[in-house]
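Working notes, beginning with the structure itself.
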Amino acid sequence: MLCHANKYQISFIMEKKAVRVRFAPSPTGALHIGGVRTALYNYLWAKKHGGTFILRIEDTDQTRYVEGAEAYIMEALEWLGIEPDESPKKGGDYGPYRQSERKAMYGQFAEQLIKEGKAYYAFDTPEELDAARAKVEAETEGKGKFKYDASTRMSMRNSLSLDAGTTQQYLDKGEYVVRFKLPAIHRDIIFDDAVRGTVTYSTEEMDDKVLFKSDGMPTYHLANIVDDYHMKITHVIRGEEWLPSTPLHVLLYEAFGWAEARPQFAHLSLILKPAPDSYLTKQNKPAMAEKFLNVFLSKQPEFAENKDLLAQTITQLFQDVASVTSRLNPKKKDKPYKLALKAFLKKSMSGKLSKRDGDLLGFPVFPLDWNGDEPFRGFREWGFLPQAVLNFLALLGWNPKSEQEIFTLEELVDAFDLDEVVRSGARFDYAKAKWFNQQYMIKGEDSALAEMMQPLATAKGYTVSKEYLTQVANLLKQRVEFIPEFIEKGSYFFTDLDFEVVKEKEGKNLRKRVLNKWSAEKSATFLDLHQALAQLADTDDLEPAVDAFMESKGLGKGEVMPALRFAISGTMGGPALYEMMEVIGRAKSLDRIKAFVEFCNAETTVA
RNA sequence: CACCCAUUCGUCUAGGGGUCAAGGACAUCACCCUUUCACGGUGAAGACACGGGUUCGAUUCCCGUAUGGGUGACCA
């Protein structure tokens, strides 16, 4: 017996159709991380089958067009290394690849359906439609929805309800839309989804969707069917939000007589917001509470007068991180301000990952920086490596049927299968994203890391060679999670220490490990050590020299190393001491030791 | 409100009637390694939403309930 998931593969093999998939974003802003995953799965599926990965820009909504969005999408795909084979920029045999440039062809297909009685002209104004919706809503106490279908279409203004003369008058004015005419007899639309199996909808639930808008542009529904057909798309891999409109698309393929060429659908579950306990920690709880409250008040300023009470409430709600979500359910005795806050928090803390979440929750949700009206930082600028992002995203909603976690792009192509895409929504897990990044940093070439560090170092005003950065990368890469941390955490590689600052940051450790035990004798010892090291030849290793020194003075490592470490790097953490000293340079290191001794003397007032 | 989709450790997931006293990864904790911090290693803790069926047997199949998600535009 064949299970549904294999059927399409087999039929496709038998037909020997070349796989052609498209990623079809609309240029309404930056490319969301969920979109990136969709693009990736499309890419993987195409490459796995030696097929073609197409980028098509769906810019049929002129009002939502955002300048720079298309360039952003291209740059993001390029950064990630999943570039399309056919695209507006690259061209191809099935172009143009921007729907606005294919505008001329859609009208004829709308006309065709009208001629065949499968669609009709409609002249209702937006106001009239709003009124019709409002009326149904009022009659059903908000429970019902207006449907433009067989039951209502004859009472609306369209070419079915109006006589030919009136219809012509409207058409002459040029203000009309084309609506799809749902079949008169209801039936179930059944289609096979590569990730979900058999999905069933009844035409009874559907309505006469607009196919062609009054501005002369097609809607998504028309354009996507016409384009997929003409671009010979074999698999439509897209987000779950399209699942409910898929039966309409199925009907459209039938209406055009293209049912045989209908692509295989695969609907990907959405990426959800992370679990609250992953970003609410004991330390940041108060700050997060304030952040949430501010956003709430900016959205619902009418509750500003309740600010103190709200602050109290949110603190209470956040008290037990594990159960926040369940505490958010409304209760009868809740005051209006509390209900509003709960509703807001519930929406902010669950559901699909959205634009704003990055800002609010403190992690990137877009591949690259975006400098629009609402600017935000991308994975790239955050310091993520593209391969890490790809790897993380690939495994968020797909499993490779093995216990392998780290995959190169080639390995992903090889292992990927729509069959193993999971059906349920996956929560974004920032901690895991960080882990992947760290893994790729450790694996990464030191010189490549150095290259990425270079501009950041320059921005900080450090003038350092690539060779130097390469050495720093080598020492630090398993101790940092993002590229910028090389510069931030490793600042002592780039600039001399200010021990006053060290005292502020590391006061407790500094006192415990060094200052509390400091004495005139210690001071002298370290100056002796300084002297001993200064006399070393460049070819002599530091470690045996220090070891010998300690032995001669009868000192243990614990009495010497922590102080040296503070002297060199100003912190107890960090790479192996001697390697650090070699990279920073012996002369500089010795200067730091001397400065540190003086600092300790001053701190403990020993001379 | 209606329709569709989903539901295994905190998170991502494996498992699709007996081999599951449920496997892996992240996160957490402990130990080892170590001058420190990491990395690495070893280990601990941690899950089949609930209720009914079907069956000799159900985490796995069916039906309900609950919960979560999506959609319900002349937006995509």
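Naming convention: chains lettered A, B, ... in sequence-line order (proteins, then strands); numbering from 1 in each chain.
Residue Lys553(A) qualifies as enclosed at atom NZ: its count of foreign heavy atoms under 6.0 Å is above 12.
Between Thr571(A) and U36(B) there is no side-chain N or O to OP1 or OP2 distance below 4.0 Å. Between Arg479(A) and G40(B) there is no side-chain N or O to OP1 or OP2 distance below 4.0 Å. Residue Arg179(A) places at least one side-chain N or O under 4.0 Å from the OP1 or OP2 atom of C74(B). Contact annotation: Lys432(A) side-chain N/O to U13(B) OP1/OP2 distance is not under 4.0 Å. Of the side-chain N and O atoms in Gln439(A), one or more sit less than 4.0 angstrom from OP1 or OP2 of G40(B). Side-chain nitrogen and oxygen atoms of Lys346(A) include at least one within less than 4.0 Å of the OP1 or OP2 phosphate oxygen of G68(B). Contact annotation: Lys213(A) reaches the phosphate of C75(B) (side-chain N/O to OP1 or OP2, under 4.0 Å). Dashed line: the shortest gap from a side-chain N or O of Ser269(A) to OP1 or OP2 of G70(B) is not under 4.0 Å.
At a cut-off of 3.5 angstrom, counting only N and O atoms as typed in the model, there is a donor on one side and an acceptor on the other between the side-chain of Arg64(A) and the base of C75(B).
Comparing the P positions of C61(B) and G15(B) gives a spacing of 12 Å, expressed to the nearest Å. Nucleotides A6(B) and G64(B) have their P atoms positioned 14 Å apart, rounded to a whole Å. Between U13(B) and A21(B), the two P atoms lie 25 Å apart (nearest whole Å). Taking the P atom of each, C29(B) and C37(B) are spaced 14 Å apart, rounded to whole Å.
A donor-acceptor pair under 3.5 Å is formed between the side chain of Asp59(A) and the backbone N or O of Gln99(A).
With a cut-off of 3.5 Å on both pairing distances, the Watson-Crick or G-U wobble partner of C26(B) is G10(B). Base pairing of G64(B) is made with C50(B), judged by Watson-Crick or G-U wobble geometry with both donor-acceptor distances under 3.5 Å. The partner of C74(B) is absent, by the rule that a Watson-Crick or G-U pair needs both atom distances under 3.5 Å.
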Could you walk me through whether Tyr492(A) and Arg592(A) satisfy the side-chain hydrogen bond (donor to acceptor under 3.5 Å, both in side chains) test, starting with their C-alpha distance in whole Å, then the side-chain angles of each, then the deciding distance to 0.1 Å, before giving a yes or no?
CA-CA 11 Å; Tyr492(A) 48 85; Arg592(A) 288 190 189 177; over 6 Å; no
Going through the distances and angles, do Tyr279(A) and Asp357(A) end up as a side-chain hydrogen bond (donor to acceptor under 3.5 Å, both in side chains)?
CA-CA 11 Å; Tyr279(A) 54 83; Asp357(A) 293 335; over 6 Å; no
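Within the nucleic acid shown, Gly558(A) has no heavy atom closer than 4.0 Å to any nucleic acid atom.
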